[in-house]
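Both counts, for ligands and for their atoms, begin at 1 and track the order of listing.
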Amino acid sequence: MNTSPTAPRAAVIGWPVSHSLSPRLHGFWLNHYNIPGTYGILPIKPEDLAHSVGDLFHQNYVGFNVTVPHKQSICDLLDERDESARKIGAVNLVIIDREGRLHGRNTDAYGFAQNLLTGGFKPAGGKAVVIGAGGAARAVIVALIDLGFDNITLTNRTAAHADELAQTFTSPACKIITAPWRDAARALADAQLLVNTTSLGMVGQPALTLPLDQLPTDATVTDIVYAPLETGLLREARERGHKTIDGLGMLLHQARPAFAAFFGHQPEVTPELRAYVLSQVKA
Ligand code: ATR
């Protein structure tokens, strides 16, 4: 990694942010493609956000990734947001142009869709079921609409959160309905895709308990959780014969447009990258 003062600089901002895998992911690509540049970690407290972000242009930053708790609050500081960021209502990538203007993007929907497509999922309309109604669910819904699903059923512990998303995202092309949390298992009938967008099943979190007997056998199951790589949901789905796609690829693919914007090279998601990032998750 080239650390000359003129090399492009990028970073991830958050609070706390030390757990972020982004520096290792971008560091892998910088080394692999032998690109001059650096990608660091910037812990920024919420109250320091405006001041700290304002300084980055003068420190040769070409952009930065954004993680919790700044994904929404950063929006007030931007000069422009792309369609995906506006629809999702959050920004995970900011590009700083030569005049110091800040351009907000959201690459989570792209990352989710690319993970599905490169995992062999063939979109053919029909029905998807989404578990959860938080920030990740918003990106997943935007991706599912773009992938051409005709209808999406949302189910969430807090029904009001699912209702709000259904109202926000329902469109002529895609009907979004909600199913009560206790009826989630029944909502799986006729689905082509089941997505978990909650933290249930993650290391240290409760399991997602969802009987899959109503899910058609040709349905695909995916999880945005990647620690563990095979969540309880994915294991049960695999054992029942479903195609499963783990969540690590979403993390890797969402980073590709960021790396391209920062360092001018479109990077690839390879088995080597997956193995490296996985070793860092476990470390
Ligand atoms: P993110 O931005 O990662 O999606 P979030 O906005 O906090 O995180 O959303 C977390 C999602 O996981 C929500 O759908 C949440 O359900 P609620 O809307 O009822 O809070 C869901 N979730 C988290 N812990 C849960 C639990 N123990 N049981 C059921 N759902 C849970």
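The side-chain heavy atoms of Val94 and Ile74, taken from C-beta on, include a pair separated by under 4.5 Å.
In terms of protein heavy-atom proximity, atom 20 (O) of ligand 1 is nearest to Arg157 NH2, 2.9 Å. Among protein heavy atoms, the minimum distance from atom 4 (O) of ligand 1 is reached at Ala136 N, 2.9 Å. Nearest non-hydrogen protein atom to atom 16 (O) of ligand 1 is Asn156 OD1, 3.3 Å. If you check which protein heavy atom lies closest to atom 18 (O) of ligand 1, you get His161 ND1, 2.6 Å.
Leu165 and Trp181 fall into different hydrophobic clusters, where Ile, Leu, Val, Met, Phe, Trp and Tyr side chains are chained together by heavy-atom contacts under 4.5 Å.
Taking the six-membered ring where tryptophan is involved, the planes of Phe259 and Phe263 are tilted, since the angle between them lies from 30° to 60°. Taking the six-membered ring where the residue is Trp, Tyr39 and Phe262 present tilted rings, their angle falling between 30° and 60°.
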- Query: Going through the checks in order, is the side-chain hydrogen bond (donor to acceptor under 3.5 Å, both in side chains) test met by Thr107 and Asn92?
  - Reply: CA-CA 7 Å; Thr107 64; Asn92 72 340; 3.0 Å; yes
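At least one N or O atom of Thr158 sits closer than 3.5 Å to an N or O atom of ligand 1. Taking distance alone, with nitrogen or oxygen atoms compared against 3.5 Å, Leu200 stays at or beyond that limit from ligand 1. In terms of polar-atom proximity, Gly135 is counted as a contact of ligand 1, with an N or O under 3.5 Å from an N or O of the ligand.
A salt bridge is defined here as a Lys NZ or Arg NE, NH1 or NH2 lying under 4.0 Å from an Asp or Glu carboxylate O, and Arg274 with Asp246 meets this definition.
Proximity to Thr198 (heavy-atom distance under 4.0 Å) selects the following atoms of ligand 1: 12 (O), 21 (C). Annotation for ligand 1: atoms under 4.0 Å from non-hydrogen atoms of Gly132 are 14 (O). Contact atoms of ligand 1 toward Trp181: 29 (C) (distance under 4.0 Å to a heavy atom of the residue). Using a 4.0 Å cut-off to heavy atoms of Ala133, the atoms of ligand 1 that qualify are 14 (O).
Residues Thr158 and Asn156 bring no donor and acceptor atom of their side chains to less than 3.5 Å of each other. A donor-acceptor contact closer than 3.5 angstrom links the side chains of Asp223 and Thr231.
Just one of Arg256, Gln254, His253 meets the side-chain hydrogen bond (donor to acceptor under 3.5 Å, both in side chains) condition when paired with Tyr110; it is Arg256.
When the heavy atoms of Gly134, Ser199, Pro206 are ranked by distance to atom 5 (P) of ligand 1, first place goes to Gly134.
Protein heavy atoms are found less than 4.0 angstrom from atom 13 (C) of ligand 1. Checking atom 28 (N) of ligand 1 against the protein gives a heavy-atom contact under 4.0 Å.
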